[in-house]
Participant: 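Pasting a structure here, questions to come.
To find a chain, count down the sequence lines: A is the first, B the second, and so on, and within it residues start at 1. No experiment lies behind these values; they were computed from the predicted model shown.
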There are 2 protein chains.
Amino acid sequence: MRDRKVTSLDVAALAGVSQSAVSRVFTPGASVSEKMAKKVRDAANSLGYRPNVLARSLITGQSKIIGLVVAYLDNQFYPDALEKLSNALQAKGYHILVFMASGTGPEVDRVIDELLDYQVDGIIAASVGLSDELAQRCDAAGIPVVLFNRGQTDARLSQVTSDNRAGARAVAEHLIAGGHERIAHISGWSGSLTGQDRAEGFVSALRDAGREPVAVIDGMYRREAASQAVRDLMAMPEPPDAIFVGNDHMAFAVLDTLRFDLGLSVPNDVSVVGYDDVPLAAWKAFDLTTVRQPSNKMVEAAVNLLMNQIEDPAELAQKLTIEGPLILRGSTRPVEDAR
Amino acid sequence: MRDRKVTSLDVAALAGVSQSAVSRVFTPGASVSEKMAKKVRDAANSLGYRPNVLARSLITGQSKIIGLVVAYLDNQFYPDALEKLSNALQAKGYHILVFMASGTGPEVDRVIDELLDYQVDGIIAASVGLSDELAQRCDAAGIPVVLFNRGQTDARLSQVTSDNRAGARAVAEHLIAGGHERIAHISGWSGSLTGQDRAEGFVSALRDAGREPVAVIDGMYRREAASQAVRDLMAMPEPPDAIFVGNDHMAFAVLDTLRFDLGLSVPNDVSVVGYDDVPLAAWKAFDLTTVRQPSNKMVEAAVNLLMNQIEDPAELAQKLTIEGPLILRGSTRPVEDAR
DNA sequence: CATCATTTTGCATAGGTGTGCAAAACGAAC
DNA sequence: GTTCGTTTTGCACACCTATGCAAAATGATG
């Protein structure tokens, strides 16, 4: 015998009270007597009643759903962030609805449509190029947006990033201090602000020390592109002795290519530095020197930002920058070894 | 000027038709004339109208939301599956609502409550020990459940797994053919059917060849546990010359420990085999021999199973097993080298 | 033009919940 | 017991959409 859906009316009937009484018992802060609350709770438990979030959303205008837009999950930074975001939001009574948007342009537009269809209370966009039109539409619909680990110029969008310029600068300084002579950069996608910032911070720090990168190649955040880039670099007449890679995900491909395709030793022949400090970077197989993006803090900031904007729509968008340290590991020469 | 939510009534007013007409235009297969459809679509576009999925769900009983329950995302198998599941479901007009359930018992119960609150149309449970109570409650609520990469005895739950016994058996046979003398197993969590099946398939294949494993240790699906296990194994008076690890995630920790903590060579000193064939396994840094779990096929099967049960609630639960090949890589001695 | 079959449209209601408002219950003070 | 202030409760409606039903429109046929 398959149960029909049990509603607040069923509970009300069993408890011998009105439907609104049931509603109030399940609404924190509503006016209910202890006696009534007990009656209702007993009836609800015996029927297995739980309020229907979707019906509730109709009337409160709060779906308790946060849309998460993400492109790929093969870069460990994102599943890691997703897990933390989901846990943080779960604790606040929200849940994450996942939207994959690998492409750009029309595909992203379709995703936005679907986001609006589900009446999400807010949007977290990670790792995806969002058109300005997105900002426009979400703003018009009154849905707060937080860009996670992705910058954007539009002032209506909040964002949380690490201090990419400072991080890249620290990398440059460390490589110089390590006595490296020919320093190259395989950058993150040059179409992304994150990629640009890291590249610019890195190059400007080199210049401040009177140096120039021997090469800057766009790695597109893709393993194969990074792998090809490092092959090209090492085929130069005077190959680099240090490479800063735009994120860990690409850096792992660079390490593999250097060691196993080109037969080189890291850091003896080349030092390699990444960005993100995903858990993998600490594994001995990579032992990658990298800039930590403190995902805990970034998640916390993103969630707070979103919650504030949901509670008070007048709240204006903010652009937060979180500092992260350079983590020294075995993929770069220790500074003592400087010649 | 912040827009109020635009409803089908607004569209109807602008187009000079009834609300039901608008609804019909957005309901595939409803009876509408071409003229009317055009009028409505124009009005809808100019207002930026899109049907409210949540309000629709009230009346159709279909939320177009699938709940995904998952414990951790640090084992790459799961983000990979999540991405594929999300894409497959997105193509069918569904989206994934994420529920993290690291713990067991009461925490899982809370998750079930929340799943029901959101009126999900179906549930995919990956990597979590679900009590029989789950089956009970979801069955009562009429919500189909598919266990992904996780077995369960309850006949009411559908499940999709790879052929864990056959896969483990193939590993055993390959290790024997490779001339290994002392074969050990670091198993998946012995509380999971998946872990048990792999262990049993492996051990029974050894016995069929007149062999016994030198040791079987529970690795709990955790890196640290696996790392400790391999240290214990290699500290034995006669350490193993081959280790089958219950999944790739643990196998990576085993490789790191063997190479960098114990200074051993793989596969010269010890052969290592994993299970899953996550993308990482093919990276040169690991080059791990492993049993492939064809996540594409598993996802496809899981989605089909779920869709069938959603469309026809009378459809009975199925337990599907997908075959996966042993992928030979550099972490095991080639069979030609057998002495 | 009349008739009828068919398609299209509007009306009205349902789906499950929260909330403003007024009525009812309660409790205190005289 | 009466009065008044406070808390609790129920009534009725709103939120946004889909759909059964009957009325209207359309088109084909005689």
Participant: Among C:dT19, D:dT9, D:dT17, which nucleotide sits nearest the side chain of A:Val32?
Facilitator: D:dT9

Participant: Is there side-chain contact between A:Ile143 and A:Val120, with heavy atoms separated by less than 4.5 Å?
Facilitator: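 Of all side-chain heavy-atom pairs linking A:Val120 with A:Ile143, at least one is under 4.5 Å.
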
Participant: Counting any heavy atom closer than 4.0 Å, what does A:Ser33 reach on the DNA or RNA strands: base, sugar-phosphate only, or nothing?
Facilitator: sugar-phosphate

Participant: For the side chain of B:Arg56 and the base of C:dG15, is some donor closer than 3.5 Å to an acceptor across the two?
Facilitator: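 Side chain to base: no pair below 3.5 Å.
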
Participant: Which nucleotide wins on minimum distance to the side chain of B:Arg24, given the candidates D:dT17, C:dG16, C:dC11?
Facilitator: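 Closest nucleotide to the B:Arg24 side chain: C:dC11.
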
Participant: Does C:dG16 have OP1 or OP2 under 4.0 Å away from a side-chain N or O of A:Ser8?
Facilitator: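 Looking at the OP1 and OP2 atoms of C:dG16, neither is under 4.0 Å from any side-chain N or O of A:Ser8.
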
Participant: Assign B:Val22 to base, sugar-phosphate, or nothing according to its heavy-atom contacts below 4.0 angstrom with the strands shown.
Facilitator: nothing

Participant: What's the shortest heavy-atom distance between B:Gln119 and B:Ser63, and which atoms?
Facilitator: O-OG, 2.7 Å

Participant: Expressed as a whole number of angstroms, how long is the span from B:Glu34:CD to C:dT7:P?
Facilitator: 16 Å

Participant: Give a yes or no on whether the backbone of A:Gln318 and the side-chain of A:Ser158 come within a donor-acceptor separation of less than 3.5 Å.
Facilitator: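 Present.
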
Participant: What is the separation between atom NZ on B:Lys35 and atom C1' on C:dT8, rounded to the nearest whole Å?
Facilitator: 10 Å

Participant: Which listed nucleotide (C:dG16, C:dG15, D:dC11) is nearest to the side chain of A:Thr7?
Facilitator: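 Out of C:dG16, C:dG15, D:dC11, the nucleotide with an atom closest to A:Thr7's side chain is C:dG16.
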
Participant: Nearest nucleotide by nearest heavy atom, which residue falls closer to the 5' end of DNA chain C, B:Ser31 or A:Phe26?
Facilitator: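 Whichever sits nearer the 5' end wins; that is B:Ser31.
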
Participant: Could you check whether atom NZ of B:Lys319 has more than 12 heavy atoms from other residues, nucleotides or ligands sitting under 6.0 Å from it?
Facilitator: yes

Participant: Does the D:dA18 base have a donor-acceptor partner in the side chain of B:Gln19 within less than 3.5 Å?
Facilitator: yes

Participant: Touch check for A:Ser20, heavy atoms < 4.0 angstrom, all strands: base, sugar-phosphate only, or nothing?
Facilitator: base

Participant: Give the rounded distance in Å between these two atoms: CG of B:Leu9 and P of D:dC15.
Facilitator: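 Interatomic distance, CG of B:Leu9 to P of D:dC15: 9 Å.
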
Participant: In whole angstroms, how far is the C1' atom of C:dT17 from the CG atom of A:Asp10?
Facilitator: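 Going from A:Asp10 (CG) to C:dT17 (C1'), I get 13 Å.
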
Participant: Measure CG/B:Leu58 against C1'/C:dT13 and give the value in whole Å, please.
Facilitator: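 Whole-Å distance recorded here is 14 Å.
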
Participant: Reckon B:Ser23 touches a base, only the sugar-phosphate, or nothing at all at heavy-atom distances under 4.0 Å?
Facilitator: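 Base: the residue B:Ser23, judged by heavy atoms under 4.0 Å, touches a nucleobase.
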
Participant: Return the value, rounded to whole Å, for the distance between atom NZ of B:Lys39 and atom C1' of C:dT9.
Facilitator: 10 Å

Participant: Between B:Tyr72 and B:Tyr221, is the ring-ring contact (aromatic ring centres under 6.0 Å, His included) condition met? List the steps.
Facilitator: CA-CA 11 Å; B:Tyr72 301 109; B:Tyr221 292 131; over 10 Å; no

Participant: Any idea which of D:dT17, D:dG10, D:dA18 is nearest the A:Val17 side chain?
Facilitator: D:dG10

Participant: Of the nucleotides C:dT17, D:dG10, D:dA18, which has the atom closest to the A:Tyr49 side chain?
Facilitator: C:dT17

Participant: Provide, to the nearest angstrom, the distance between the CZ atom belonging to A:Arg50 and the P atom belonging to C:dG16.
Facilitator: 17 Å

Participant: Using the closest heavy atom to pick a nucleotide of DNA chain C for each, name whichever of B:Ile59 or A:Val53 lands nearer the 5' end.
Facilitator: B:Ile59

Participant: Rounded to the nearest Å, what distance is computed from the NZ atom of residue B:Lys5 to the P atom of nucleotide D:dT17?
Facilitator: 11 Å

Participant: Compare the minimum distances between each of D:dT17, C:dG16, D:dA18 and the side chain of B:Asn52, then state the nucleotide with the smallest one.
Facilitator: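 The listed nucleotide nearest to B:Asn52's side chain is D:dT17.
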
Participant: Any ion pair linking B:Glu34 and B:Lys38 (charged N to carboxylate O, less than 4.0 Å)?
Facilitator: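 B:Glu34 and B:Lys38: not salt-bridged.
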
